[in-house]
Amino acid sequence: MKREAEVPRSALHADPAEDARDLRRLERTWSPERGLWGWLTSVDHKSIARRYVATALVSFVLAGINALVMRVQLARPESHVLGPDAYNQYFTTHGTAMMFLFAVPIMEAVGIYFVPLMVGTRNVAFPRLNALGYWTFLVATIFLWASFYANVGPDAGWTAYVPLSGPQFSPGKRVDTWAQMITFTEVSALIGAVEIITTAFKQRAPGMSLNRIPLFVWAEVVTAFMILFAMSTIATASMMLAMDRLIGTHFFNPAEGGDALLWQHLFWFFGHPEVYIIFIPATGMVSAMLPAFTRRPVFGYTAIVLSLIGTGFIGFGLWVHHMFATAVPWLGSSFFTASSVMIAVPSGIQVLCWIATVWDGRPRLATPMLFILGFLVLFVIGGLTGVMIASVPFDLQMHDTFFVVAHFHYVLIGGAVFPLFGAFYYWFPKVTGRMLGERLGKWNFWLFFAGMNVTFFPMHFLGLLGMPRRVYTYSPDLGWGPLNMTATVGAFVIALSVLVFFANVARSLARGAPAGDDPWGADSLEWATASPPPPYNFRYPPVVQGRAALWSRTPDAPVVTGLRTDKPEILMTTLLDAEPESRHVHPQPTIWPLVTAIGLSVLLLSLIYTPWGLIWGAAAVSIGLIGWGWPDHHRGARLEERG
Amino acid sequence: MTRPIRVLALALSTAVLATTSACKRETREFRGYPPSANPGSVVQDVPLAPGPRQPEVTARSPYEHNAYAVSEGKRLFGWYNCSGCHSHGGGGMGPPLMDDEWIYGSQPENIFETIAEGRPNGMPAFGGRIGNDDIWKLVAYVRSLSALDVPQDVRGGRDDHMQYKQPEQEENPTRPKRSTLPPAATQP
Amino acid sequence: MSAPRTVYDASALPEVVYGSKSLAFWGTLGFMVVEGTTLAILASSYVFLWSNFDRWPPAGTSPPSLLVPTISMLFLLASNLPARQLAKAARAKDLRACKRWLVACTLCSAGWIVLRLLEFRSLNTRWDDNAYGSAVWALAFAHFTLLAVEMAETLLFTLVFLTGHAEEKHFPDIVDDVVYWVFVTVVWVPCWFLLFVLPRLI
Amino acid sequence: MDDPRRTAADLGTDHCRRPERETVAHPTNQPVNNQAAPSIDGGGPRPSRGAASKLLRAGVLAAALLAACGRPARERASGDTKPPSPSGLVASNGRAVATDGQWVRPTGDYAGTRFSGLDQINASNVRGLRLAWTFSTGVLRGQEAAPLYVDGTIYVVTPFPNLLYAIGLDGTLKWTYRPQPMTAAQGVACCDVVNRGVVYDAGRLFYNTLDAQTVAVDAATGREVWRARVGDINIGETVTMAPLVVRGKVIVGNSGGEMGVRGWLTALDEATGKVAWRAYATGPDADVLIGPGFHPFYPQDRGRDLGVKTWPGDAWKIGGGTAWGFLTYDPELNLLFAGVANPGPWNAEARPGDNKWTAGVFARNPDDGQAAWYYQYNPHDLWDYDGINENVVVDLTLGGRARKTLLHPDRNGYLYVMDRTSGEVISATPFVHLNSTLGVDLRTGRPTENQALHPSTGKVVRGICPAAPGAKDWQPSSWSPRTQLLYIPHQNLCMDYEGVEANYIAGTPYVGANVKMFAGPGGYRGLFTAWDPVKRRPAWQLTERFPVWSGALATAGDVVFYGTMDGFFKAVDARTGRLLWQFKTGSGIISQPTTFRGPDGRQYVAVLDGVGGWSGAIVAAGLDARDSSSALGMINAMKDLPQYTTKGGSLYVFALP
């Protein structure tokens, strides 16, 4: 305590030499170690988020290739590109990877990257856990794709309905890989959610009271809360499925009192909020981007926040509309029809607020803005078909047809992938320091927009004509050929647009225009630091003076000083008003999350083969956790017993 | 940054591939052997004597390591009423199949012959009624009942039925004892 | 950009804070939500499956014994007394008292584990008997893993403290550990009621 | 009401003790004889009927004697009622076999009482009963047969391969007959390869082989006289029952209700083996031998071609309704009572409707097979409740009225007292714990189903009592006219039942159910009940660890014999049920004990050991108890049997020293 004064702290130094020394010390404290070891031990939220995004994009591309192969198979009747068995694996892996390995993680990853930056802090709340989350996610990704290419790909649909996915009708290990993969990714998603909530609640820059939190952060927080409940549910359900398959429990065996509908309830209690888990961060991205391209704050901040929270709540109240075709009581069906229609209200409010923003602003049609507009169009179409199939009689007719496929691709691609691509264009300069090309960006958008509609709009008609989903081929006399061929052509257009995107990325990384700190003239804090941001994000924790942090910033940029520079310290603030409260020393880079993730992999993978895996895996995980928890004194001080 | 990713990805995928080593276990042959491969003359009618031996069935069991075939075998075991006599391995009108006594031999080709040609003490000849391919699936399933050479990850889990026995994947392998002759062979 | 100005000097802020001020508390809270949801889902499944049976436990399955589970549940609740003392000691930054109560708590948690293992036997069913057995075991086992995690954590702290590796930042961690302790023990009460009492009442 | 019976029994004993000294029947018997004799002897011309009138007179005498033994004195004195049990000691062709102390058919007499008038072994001396000798049959499967005794020779038939032994009273083997049945028949025998016995008539022995042949063998030499194939194992038909020879016909029924056969009852000419008639249990009236003389008591059994109409489509062609139980016969009414087994498959969803004429009983004229009446115990049977259990022909006084009745302990757990002239159910009383039905509606004759236990495909129904083998399976009961009690060997089993899809493949099982049986309330699996059909309650009841799968034998010595599956041959007091004597045999007992008097004047008791049958298949066929659905689910209730007994197959003959 008495040495307190000698502790190096960040301070505003008049002396440039002292200032530079201080900066170097700060840099050393926060930078990861060098080389492979540094890469494996890094706990920096930005590098972890980049890995998340990269890994998720790999799944996006691979799952997209799956989709292309399926479209080739379906382009003509009685085609034999894929057999029925391969087709089952293709569509299951496509759906599973797109949902669990691409959409949810990439939305969380963007949050892990930008929530700390937007709230003006130096790292996420639990950086080691964050690393663990990524490693488990990586294992899950490798596991799913390796299984798929080794012909152990899951083949019971991404919903894995029992009894099809049960031990009797899915022999072998295909569904086990699915169930364990789900458990893995949910561990990672849950970790991410805890990170984001805690970061947004306790690490906000001073002055960023609740009503000044950027809408994107709000969206991520609401999503994180939904993840806490939804992902726990699906992880529990997938464990139950795995137990039914591996140790002979009877959760889903009707003959012993189990219930196949229990699976559907649990799955959709997760599965419907899942849609919002993907969609809400996307709306957050839209709200984050709009001000930069309309030159005005988003209209109706409070309404949007309330509708985000409302969506979060109602999202849990309408899962049964996926189950209208089962023996749900009519009263229940009516209730869930009502709540399904009700969820259109908060979404509608958001859409109206965005339209008002665009209306009132001075829109600039840069690529991100194009994606936003594309999103508005596509999402409205998807939302309308959603309201259609929320009505029981129509749903019974359309259940399990391509109409449903068309609907959810409009919602998911239109509602999430379009904003996401917009966000790529928007934030790429911040992450890499270079702008993405506008010309290729326009190509990217228009190809995507056209391809998307050419692919999925005909599917509405295919559904109305009675084409079921998940069939590997169809007979020529059903007359589904031309529409399917159209859809296939559209799919290749989408693939082309994604290629254009990657070409754009490659080109930009090589010789893109340097971005500068704030190329868009945007309003939130991530633009207040360098591009790419330094390991410590902000030299001094910024202080926020208004809802649009940068636009309301006075020229002399108020900051917080006094954090130590020889230790990775961050500033903690109060939950409501973000008053400074304490300083927190963040953990050092460490290998233990990786060791723990490997232990977890041993646990979850060996469980597929033997119940003893629980023992081996628990031992392996324990090793990781003991290493993790054991104090590391190289900068800490042991306590001496007093007296 | 990319090199370590590649190294890690390679290492992990090798590990995963090694543990799953799945190709044989997971393949699903929907067509099976061409029907012409059925040696039709094996067929015998039910009052059966072990008639003229067929030229040895040359093909070895193709399905011992294939989970899907074993589960198909299980389905066929019910469909062809094998379960009517042998229950779910414990026996009844017919001898048990999950124990260590194999009256007519425990090798896949023995079991194939038993199913195809029948056995004198009441085992009907199913040759010609069931395709050879399906018989091989039945053989694989029958052997999985006592876990003979059929790996655990290939054997079936619990059924969506009343639990009448442990799932096959929880059975311990039972080494075949020397065969005991059926009562009829020793009839006074 | 013009020169920033200091509006707040954080150097006087404390480094060690307790309760909802500490980050670990929020992490613990998050995982309590996750684990609570898991238990709630398993409990809902238990109730959902119940509706498939005329009798619960189903005919042919004897109901679980009441003695050991009740003793176990009461012991779980009673174990909050030493845990409370531990939290008090940690707040007071009393190293000696912390060591003493950490040992006591580790012993308590070992007691849980032993009692729970006995409790599995008094369920009078197996997980692969029927859906009832599966539901009962799933809930009991899921909670068992929480107990095991809490025991492991307490044991780790005990070892850290007894081997002289303790740092000041560990005191709030212990307080969070006790928060989790309370969660783990109290959350069992409704589960106990559901598994052992409610089937007898209905 | 109660006293006279006791007196009657005493009097009866008196007569039976010295039957050889009786030269003239009791005068009050004359009307009886006059009535009985023509009906026995009546009917159309039969090739075998070369009997002389002197023999006829001997037969009449014999009938009178037996009637005197079993008949209450007051009734006799009043002369207004018939003897309680028509004579069993009259050959079908009217010739008398040696009337004294013989045992010529498994049921003892035509009435199926299994009552022996011998009283040398009685409640006071039975504890001195000693093993005289044993004889190994050399076959180690379930021995369900009854040893016969005719003129100094014991005849025993074994399970497959159905060897027939003639053994002298000193235990020496006289001859062996080997029918060489097809070995493949073993594969279509549902519940062990048993045989329930051989029947003697007029110097010949008649029995069925497992591969559905009926053979006639010369009793003196063991030479085959004729052989008739009555069924086809390729469609799953076997024959396990003991035939009944009545009025020159050998009546045979098939087995295979679990194999999708179509049940029938066939009469073969006693002399030649030619088929005289065949009555199917399902199909058009012409096939079922329903004609103008058919007058069922209950309206639901009236109508044309109900054997087709109460089935969906052609399901009746594979609808079961076999006839593998013991047949009884009332010479006075000239009616044959033949139980009909369960409909197939077990899974009742495959056969909506009442499924006539299964799971019931037919009264038929043995001469032409024409049905007189029919009663269905279990319309649209759900649980494999066969109707084949014996119908014991007994006359009772009920509510002050003398009734010609049948006593029938059904698998469904009710003891039916029926009017054998009309098929009316007089009473139906549960004799075991049951919940599958809620009672029998005497107005409609239908049992009230317990809807809560109604099975369907893919659904598991738990705790159904009684289980598929019923409250009582084939094991025959015995009626003592002295105690007026029916001694029922039976079981206390319940089951879990899951309907599954059933596929019909000729020659393979057609069941469609997964079953798991277990002991009913109380935990014991076997019961031996002395039932009072008048008071409709048990006089006493004994419990046994395993199902009592052997027949019962009551004697005039007021001793009742039965065997247990753990290998005890027991003698109990007919009035109290007190255990008087027991003997541990080599294997469990599931056969039918008999008793007879040898030329040396000593009374012998004979029984076969050799556990097996449905309940003992775990031992006899070496089933694997890890699969609790084995043996149609029976194994789950019998897992511990191998700890108590092993395979066997020996004849034990006991006598007082």
Side-chain angles (χ1 to χ4, degrees), chain A residues 35-40 47 50-51 54-55 58 83-86 88-89 135 138-139 141-147 149-153 155 162-163 166-174 176-177 244-250 252-256 258 260 594 598 601 605-606 608-611, chain B residues 1-31 63 65-75 78 137 140-141 144 150-171:
Chain A
L36 180 65
W37 182 254
W39 193 84
L40 293 175
S47 71
R50 276 200 306 271
R51 292 174 207 175
T55 314
V58 169
D85 180 39
N88 289 347
Q89 291 186 63
W135 294 124
L138 178 68
V139 172
T141 306
I142 295 174
F143 183 47
L144 181 74
W145 288 109
S147 300
Y149 292 116
N151 195 21
V152 205
D155 57 354
V162 291
Q168 189 173 352
F169 297 102
S170 280
K173 295 295 174 193
R174 290 177 172 181
D176 298 316
T177 63
D244 259 26
R245 295 178 52 84
L246 299 170
I247 60 166
T249 57
H250 296 284
F252 309 120
N253 174 11
E256 288 292 346
L594 178 58
I598 291 170
S601 312
L605 293 184
S606 58
I608 296 182
Y609 293 92
T610 164
Chain B
M1 194 62 85
T2 51
R3 203 175 54 87
I5 295 183
R6 218 177 299 139
V7 173
L8 203 73
L10 195 70
L12 274 170
S13 45
T14 319
V16 169
L17 281 174
T19 48
T20 51
S21 68
C23 301
K24 224 176 181 177
R25 186 187 63 224
E26 302 287 342
T27 316
R28 297 190 178 192
E29 286 294 341
F30 288 139
R31 283 172 205 282
Y63 290 136
H65 296 278
N66 186 282
Y68 177 69
V70 170
S71 90
E72 283 295 288
K74 183 174 193 164
R75 200 188 322 281
K137 288 174 181 164
Y141 172 64
S144 83
V150 180
Q152 193 201 21
D153 52 7
V154 170
R155 307 196 299 254
R158 67 130 177 87
D159 287 337
D160 285 336
H161 279 297
M162 193 165 82
Q163 268 342 90
Y164 24 73
K165 70 176 176 84
Q166 292 268 80
E168 288 95 47
Q169 67 184 10
E170 284 171 33
E171 288 297 344

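Naming convention: chains lettered A, B, ... in sequence-line order (proteins, then strands); numbering from 1 in each chain. Because the structure is predicted, anything quoted here is derived from the model rather than measured.
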>> Quick one, R51(A) with L138(A), criterion side chain to side chain contact (heavy atoms under 4.5 Å, CB included). Give me CA distance, side-chain angles, the key distance, then yes/no.
In response: CA-CA 9 Å; R51(A) 292 174 207 175; L138(A) 178 68; over 6 Å; no

> Looking at G166(A), A86(A), P171(A), which makes the most heavy-atom pairs under 4.5 Å with chain B?
Replying inline: P171(A)

>> Just so I understand: if I count every heavy-atom pair under 4.5 Å between each of Q163(B), E170(B), Q169(B), R75(B) and chain A, which residue has the most?
In response: Q163(B)

> Where does S606(A) contact chain B at under 4.5 Å (heavy atoms): side chain, backbone, both or neither?
Replying inline: neither

> Relative to chain B, which segment of R174(A) carries a heavy atom at a distance below 4.5 Å: side chain, backbone, both, or neither?
Replying inline: both

> Are N151(A) and Q89(A) close enough that a side-chain donor and a side-chain acceptor fall under 3.5 Å?
Replying inline: yes

> Checking side chain to side chain contact (heavy atoms under 4.5 Å, CB included) for the pair R245(A)/S170(A): CA distance, chi angles, key distance, verdict?
Replying inline: CA-CA 9 Å; R245(A) 295 178 52 84; S170(A) 280; 3.4 Å; yes

> If you count heavy-atom pairs under 4.5 Å with chain B, which of G258(A), A255(A), P167(A) comes out on top?
Replying inline: P167(A)

> For Y68(B) and D85(A), does a side-chain donor sit closer than 3.5 Å to a side-chain acceptor?
Replying inline: no

>> My understanding is that only one of R155(B), E171(B), Q152(B) makes a side-chain contact (heavy atoms from CB on, under 4.5 Å) with S144(B); could you say which?
In response: R155(B)

> By a 4.5 Å heavy-atom criterion (distance strictly below it), what part of D176(A) contacts chain B: side chain, backbone, both, or neither?
Replying inline: neither

